[in-house]
Protein chains: 2
Amino acid sequence: MAKNFLQNPSKLSTTECSKSLLPVQDALYVLSGKWKIPIIIALIHGNKRFKELHREITGITAKMLSKELKELEVNTLVTRTVYDTIPVSVEYELTTYGTTLNDVIMALRDWGLKHRQKIKEKK
Amino acid sequence: MAKNFLQNPSKLSTTECSKSLLPVQDALYVLSGKWKIPIIIALIHGNKRFKELHREITGITAKMLSKELKELEVNTLVTRTVYDTIPVSVEYELTTYGTTLNDVIMALRDWGLKHRQKIKEKK
DNA sequence: GTAACCGATATACCAAAGGATACCGATATA
DNA sequence: TATATCGGTATCCTTTGGTATATCGGTTAC
């Protein structure tokens, strides 16, 4: 039932269609901003400390990195662990819930690749 | 090779991972802004005229509707057809290319639904 | 003693996104 | 004559997103 959504669009009522609107917007909101995807991708191959992320993600400022990490933490996509070293070290890790974004990211990547190709052809 | 991307993250180099960054950002850019998804979803069950979209998409201003439709047109997701009626009627249609976004939208919707559920549970 | 590292925060600023409102010419309706 | 419809555009304004730069306290290395 819900599985057929968007696959036989002509059969769907406006109300049925609008049911997908909010979830899609929720998902986009979680990924919104210039740096969330770069951060998530950076964390995919392993935990990272603040400075490591800062070095790895070119162009990001410490303020934005801190802010975006907080938002990812609020959405339980990332965990923040403080270690009692000297000086203190803080490790960021993608949660298992965070890895459930893989399908979304892969769908976006696949479409993005096709789109790049299409834009190239037009020129 | 590329298919395994994000499925066995620990095996991937930074350069391999960063290959997905640009396509994902491209895709998100195409969907960016407050109104693109509502417009696309509105067009999924059939062609619509400007005023129909304006009425159907609650909250949007004519300025934003016009602007977002132009961007969708530039990306060949939507076509604009002017009919020589009186007064003139303009029809917007999702292209077949536009419908290739279905996988992306469904992935976003599925994740968004799970996320809503998860947020609810926390409370 | 002074410079650097760590994980940030504070302040100031700027540009882009989006909203509110008014208006357009052509036509139809009251 | 006045008002409404259609598909927008023009102008102004506010909000948000993002940048730049300086600074913090505690510690270590030079």
Side-chain angles (χ1 to χ4, degrees), chain A residues 21-22 24-43 46-75 77-94, chain B residues 21-22 24-43 46-75 77-94:
Chain A
L21 187 50
L22 264 68
V24 172
Q25 289 179 323
D26 290 344
L28 285 176
Y29 183 76
V30 166
L31 300 176
S32 71
K34 191 172 175 181
W35 301 109
K36 302 239 174 58
I37 292 286
I39 291 170
I40 290 170
I41 288 183
L43 289 176
N47 308 354
K48 298 268 167 62
R49 294 174 61 182
F50 189 85
K51 280 286 175 188
E52 289 181 276
L53 287 169
H54 195 191
R55 273 189 292 267
E56 195 167 306
I57 301 170
T58 52
I60 197 170
T61 61
K63 177 189 166 186
M64 288 308 296
L65 180 54
S66 171
K67 188 190 139 209
E68 301 274 71
L69 282 168
K70 267 181 200 157
E71 291 182 32
L72 292 172
E73 213 191 333
V74 166
N75 285 317
L77 300 171
V78 160
T79 54
R80 179 178 183 273
T81 315
V82 180
Y83 291 101
D84 214 8
T85 57
I86 289 168
V88 71
S89 48
V90 180
E91 195 177 69
Y92 291 93
E93 180 178 8
L94 204 61
Chain B
L21 187 51
L22 265 68
V24 171
Q25 289 180 322
D26 290 345
L28 285 176
Y29 183 77
V30 167
L31 301 177
S32 71
K34 191 172 174 181
W35 301 109
K36 301 241 173 57
I37 292 286
I39 291 171
I40 290 170
I41 288 182
L43 289 176
N47 308 355
K48 298 267 167 62
R49 294 174 59 181
F50 188 87
K51 280 286 176 186
E52 288 182 277
L53 287 169
H54 195 191
R55 273 190 292 268
E56 197 167 305
I57 301 170
T58 52
I60 197 169
T61 62
K63 175 192 165 184
M64 289 308 296
L65 180 54
S66 170
K67 188 190 141 209
E68 300 274 71
L69 281 169
K70 269 180 199 159
E71 291 182 32
L72 292 171
E73 214 189 335
V74 166
N75 285 316
L77 300 171
V78 159
T79 54
R80 179 179 183 272
T81 314
V82 181
Y83 291 101
D84 214 8
T85 58
I86 289 170
V88 71
S89 47
V90 179
E91 195 177 69
Y92 291 94
E93 180 178 8
L94 204 59

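Each chain gets a letter, A, B and so on, in the order its sequence line appears, and its residues count up from 1.
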As an exercise, state the distance from [atom1] of [X] to [atom2] of [Y], rounded to the nearest 0.5 Å.
{"X": "A/Glu52", "Y": "A/Glu91", "atom1": "CD", "atom2": "CD", "answer": "8.0 Å"}
{"X": "B/Ser89", "Y": "B/Lys51", "atom1": "OG", "atom2": "NZ", "answer": "13.5 Å"}
{"X": "B/Lys67", "Y": "B/Leu72", "atom1": "NZ", "atom2": "CG", "answer": "11.0 Å"}
{"X": "B/Leu53", "Y": "B/Ile39", "atom1": "CG", "atom2": "CD1", "answer": "7.0 Å"}
{"X": "B/Leu69", "Y": "B/Leu77", "atom1": "CG", "atom2": "CG", "answer": "11.0 Å"}
{"X": "B/Arg55", "Y": "B/Arg49", "atom1": "CZ", "atom2": "CZ", "answer": "8.5 Å"}

Exercise for the section: Any pair with a residue in residues 31-41 of chain B that passes side chain to side chain donor-acceptor pair (under 3.5 Å), sequence neighbours left out, goes on the list, sorted by first then second residue, please. Expected result: B/Lys36-B/Glu68, B/Lys36-B/Glu71
Provide, to the nearest angstrom, the distance between the [atom1] atom belonging to [X] and the [atom2] atom belonging to [N].
{"X": "B/Leu69", "N": "C/dG18", "atom1": "CG", "atom2": "C1'", "value": "16 Å"}
{"X": "A/Glu71", "N": "D/dT16", "atom1": "CD", "atom2": "P", "value": "13 Å"}
{"X": "B/Leu65", "N": "D/dG8", "atom1": "CG", "atom2": "C1'", "value": "10 Å"}
{"X": "B/Ile57", "N": "C/dG19", "atom1": "CD1", "atom2": "C1'", "value": "16 Å"}

Practice task
Would you give a per-nucleotide map of nucleotides 22-30 of chain C, 5' to 3', where B means the base has a protein non-hydrogen atom under 4.0 Å away, S means only the sugar-phosphate does, and - means neither?
Solution key: -----SS--
Exercise for the section: For B/Thr85, report the nucleic acid contact type (base, sugar-phosphate, nothing); a contact means any heavy atom under 4.0 Å. Expected result: nothing
Exercise for the section: With heavy atoms under 4.0 Å as the rule, sort B/Tyr83 into base, sugar-phosphate or nothing. Expected result: nothing
Completion exercise
The side chain to side chain contact (heavy atoms under 4.5 Å, CB included) partners of A/Thr58 (sequence neighbours excluded) come to none
Completion exercise
Sequence neighbours excluded, the answer for side chain to side chain contact (heavy atoms under 4.5 Å, CB included) partners of A/Arg80 is A/Glu73, A/Val82, A/Val90, A/Tyr92
Exercise for the section: For D/dC6, take OP1 and OP2 only and decide whether either is under 4.0 Å from a side-chain N or O of B/Arg55. Expected result: yes
Exercise for the section: Respond yes when some side-chain nitrogen or oxygen of B/Arg49 is under 4.0 Å from OP1 or OP2 of D/dG7, and no when none is. Expected result: yes
Fill in the blank from the handout: Taking pairs as Watson-Crick (N1-N3 plus N6-O4 or O6-N4) or G-U wobble (N1-O2 and O6-N3), each distance under 3.5 Å, the stems of three or more consecutive pairs with DNA chain C are C:1-30 with D:1-30
Any protein N or O atoms within reach of nucleotides 17-19 of chain D? Criterion: under 3.5 Å, listing atom names and distances.
from: D/dG18; atom 1: OP1; to: A/Lys34; atom 2: N; distance (Å): 2.8
from: D/dT19; atom 1: OP1; to: A/Lys34; atom 2: NZ; distance (Å): 2.9
from: D/dT19; atom 1: OP2; to: A/Trp35; atom 2: NE1; distance (Å): 3.2
from: D/dT19; atom 1: O4; to: A/Lys63; atom 2: NZ; distance (Å): 2.3

Problem - Any side-chain heavy-atom pair of A/Leu31 and B/Val24 under 4.5 Å - result: no
Handout entry: Nearest heavy atoms of A/Lys48 and A/Ala42, plus distance in Å
Key = NZ-O, 2.7 Å
